[in-house]
Amino acid sequence: MAAFSKSIPHNCYEIGHTWHPSCGVSFLQITRGALEESLKIYAPLYLIAAILRKRKLDYYLHKLLPEILQSASFLTANGALYIAFFCLLRKILGKFYSWSPGFGAALPASYVAILIERKSRRGLLTIYMANLVLLFCITAAMYMFFFRCKDGLKGFTFSALRFIVGKEEIPIHSYSPEAAYAKVEQKSEKQEAKPKRKNIIALVKKLVDSVCKHGPRHRCCKHYEDNCISYCIKGFIRMFSVGYLIQCCLRIPSAFRHLFTKPSRLFSLFYNKENFQLGAFLGSFVSIYKGTSCFLRWIRNLDDELHAIVAGFLAGISMMFYKSTTISMYLASKLVETMYFKGIEAGKVPYFPHADTIIYSISTAICFQAAVMEVQTLRPSYWKFLLRLTKGKFAVMNRKVLDVFGTDASKYFQDFIPKLDPRYTIVTPELPAEFS
C-alpha cells in the first residue's frame, strides 16, 4: 500500500508528459489522439445501433452526427482533462503525493467529462472485480426476468432484447391457447396467398424446416409456425449472422486502410476469428435461452416469467465464446441502474441526485490510480484501451520515480527511462543506458 504522507518534488514533465516539457502542447497532443480514437469507436457503434433500431432518414440527417460527436467529446475529455488536472494539481500542491497523479487528477476529469455525455448513456460504472462469465450469467438472468415481466423493461433495452430473442418470447399475460391457434390459422391463410420467393433465405428456411419437420411444440409456446427444435435452430442461425456481420462492419475501416498496400488483408475481413466468436456468442445465447424456455414449458406445462431467470442464467454461459469485459460490465451497470430507478418508483429506495455521475467519477478515478501506480492490478483489456486512447503515452510515464510510494509502479517498465531535458527538470534525471 502506498504511503499517503510521502511526497516527491518532481514536476509534471518529469512524471507525466515525459515526451514534451510543455503542459499546453502535451494537452493538445493527448486531445488530438483521444478524439481520433473516440471517433473510431463511436462512429461505427452508433451507425450499427441506428441500423438495428431501424431509424428513419431524419435521424441520419440531423441526429446521428451530433450524438457521435457528443459521445466522442465525452471520451476525449476524459483523457485530455486527466493530463490537464495532472499538471494543475502539481502546480497547486507544489509536489506529488501517492494519490495525486492517479486518483486526484482523474476524479475531477471524469466528473467534468461525464457531464458532456448524454444523460441516457450515463450508466453506473464499476471496477473490474467480478468473474466475467458468472457476472454475465447473473446479469442475463435478471434482464430476461424483467423482459418477461409486465412493464419490466422499456425503451431501447426492451427493443434490443425483442430483436435478439424474438417477439415470440414477449409475455402475453392474457394468453389463451385458443387465441394462439386462431392466429396460426390466420397466418397460414395469409401465407398461402403470398407468392413464394426463391431466394437463399427461403432455401435455408426450407432446409431447417425439413430437418425439424416432425418436432414437437408445446401448447404454451408462442412460436406458432415452428416446432421447438426448429425455433432454437433458426434463432441460432439468425443471431449468428447478425454477430458475424457486425464484426465484419467494425473491421471495414482497418481493412480498407491496407487496400492498396496489402490487398490480402481484405480476406481477413470475412475470415477472422473474432467474426465467428461474436456470432457464436449471440447465436448460442439466443438458442440456449429459447431452448431452456421451451424445455421448462414442457416439464411444467405452463409459461412462467420465472423461467426467464433460469433460461437467462444458462444463456449467459455463451459469454465463453466472446469474453468481453466491456459488454459484461456495461450490462451489469445498466441493470443496477434499472433496478435502482425501479426502487425509486416503488418508493423503496431514496433518490440521490447525480448518483450515476458521482459513481462513474470515483470508479474511473480508481482505475486511473491503478493505471499509474499499479498497472499489474488492471485487466489487460482496460490497459490496452488506455494505451489506445492516449496513443501509447500512458506507458511513457516515469514510473521508476513513483516506486518510492511502495506500489511497484515500474514493475512492468523496468527497462524504460525517459529522455528528459535537464533544463526543465527539478531533480537531475537518470540517463538512459545509451548515455551512461
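Remember, predicted model here, so these are calculated numbers, not experimental data. Along the sequence shown, residues are numbered consecutively beginning with 1.
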Cationic N near anionic O, under 4.0 Å, [X] to [Y]:
{"X": "K342", "Y": "E345", "value": "no"}
{"X": "E37", "Y": "K391", "value": "yes"}
{"X": "K40", "Y": "E36", "value": "yes"}

Please round to the nearest 0.5 Å and tell me the distance separating atom [atom1] of [X] and atom [atom2] of [Y].
{"X": "I246", "Y": "S241", "atom1": "CD1", "atom2": "OG", "answer": "11.0 Å"}
{"X": "L314", "Y": "F285", "atom1": "CG", "atom2": "CZ", "answer": "10.5 Å"}
{"X": "C294", "Y": "D303", "atom1": "SG", "atom2": "CG", "answer": "9.5 Å"}
{"X": "L75", "Y": "I114", "atom1": "CG", "atom2": "CD1", "answer": "10.0 Å"}
{"X": "K234", "Y": "K290", "atom1": "NZ", "atom2": "NZ", "answer": "10.0 Å"}
{"X": "S293", "Y": "D304", "atom1": "OG", "atom2": "CG", "answer": "11.0 Å"}

How about [X] and [Y]: do any of their side-chain heavy atoms sit closer than 4.5 Å?
{"X": "S110", "Y": "N78", "result": "yes"}
{"X": "I30", "Y": "H17", "result": "no"}
{"X": "I299", "Y": "L296", "result": "yes"}
{"X": "F236", "Y": "V286", "result": "no"}
{"X": "I237", "Y": "I233", "result": "yes"}
{"X": "S38", "Y": "L389", "result": "yes"}
{"X": "M144", "Y": "L161", "result": "yes"}
{"X": "F147", "Y": "V165", "result": "yes"}

Distance under 6.0 Å and angle within 45° of the ring axis: does R238 meet both against F163?
-> yes
[X] to [Y] - nearest heavy-atom pair and separation:
{"X": "P101", "Y": "A105", "answer": "O-CB, 4.2 Å"}
{"X": "V396", "Y": "W19", "answer": "CG2-CE3, 3.7 Å"}
{"X": "K95", "Y": "I8", "answer": "CB-O, 3.3 Å"}
{"X": "H307", "Y": "L302", "answer": "CE1-O, 3.1 Å"}

Mind listing the side-chain donor-acceptor pairs of residues 62-69 below 3.5 Å, one per line with the distance, residues two or more places apart or on another chain?
residue: H62; atom: ND1; partner: D58; partner atom: O; Å: 3.3
residue: H62; atom: ND1; partner: D58; partner atom: OD1; Å: 2.8
residue: E67; atom: OE1; partner: Y59; partner atom: OH; Å: 2.7

Q29 vs K393, side chain to side chain contact (heavy atoms under 4.5 Å, CB included): CA-CA, chis, key distance, verdict = CA-CA 10 Å; Q29 290 176 341; K393 290 183 171 59; 4.0 Å; yes
Is there a donor-acceptor pair under 3.5 Å between the side chain of [X] and the backbone N or O of [Y]?
{"X": "S100", "Y": "F96", "answer": "no"}
{"X": "N227", "Y": "S230", "answer": "yes"}
{"X": "K6", "Y": "S98", "answer": "no"}
{"X": "R55", "Y": "L47", "answer": "no"}
{"X": "K400", "Y": "Q414", "answer": "yes"}

Once the angle between the rings of Y97 and W99 is folded into 0 to 90°, is it parallel (under 30°), tilted (30 to 60°) or perpendicular (over 60°)?
-> parallel
Chi angles and distances behind the side chain to side chain contact (heavy atoms under 4.5 Å, CB included) call for L387, W383 = CA-CA 6 Å; L387 291 180; W383 174 241; 3.5 Å; yes
Steps toward side chain to side chain contact (heavy atoms under 4.5 Å, CB included) verdict (M339, F146) = CA-CA 10 Å; M339 296 177 70; F146 285 127; 3.9 Å; yes
Can you tell me if N398 and T18 form a side-chain donor-acceptor pair at under 3.5 Å?
-> no
CZ of F413: more than 12 outside heavy atoms within 6.0 angstrom?
-> yes
What residues form a ring pair (Phe, Tyr, Trp, His ring centres under 6.0 Å) with F281, not counting sequence neighbours?
-> F136
Identify, with sequence neighbours excluded, every residue that meets ring pair (Phe, Tyr, Trp, His ring centres under 6.0 Å) alongside Y231.
-> H223
Quick one: which of Y82, Y382, F85 gives a ring pair (Phe, Tyr, Trp, His ring centres under 6.0 Å) with F368?
-> Y82
What residue among V375, T407, D408 forms side-chain contact (heavy atoms from CB on, under 4.5 Å) with R399?
-> V375
Worked verdict on F394 versus F385 for ring pair (Phe, Tyr, Trp, His ring centres under 6.0 Å) = CA-CA 10 Å; F394 221 123; F385 170 72; over 10 Å; no
List the steps and the verdict of side chain to side chain contact (heavy atoms under 4.5 Å, CB included) for C228 and W298.
-> CA-CA 10 Å; C228 294; W298 276 95; 3.4 Å; yes
Ring centre gap for F313 and F145 strictly below 6.0 Å | no
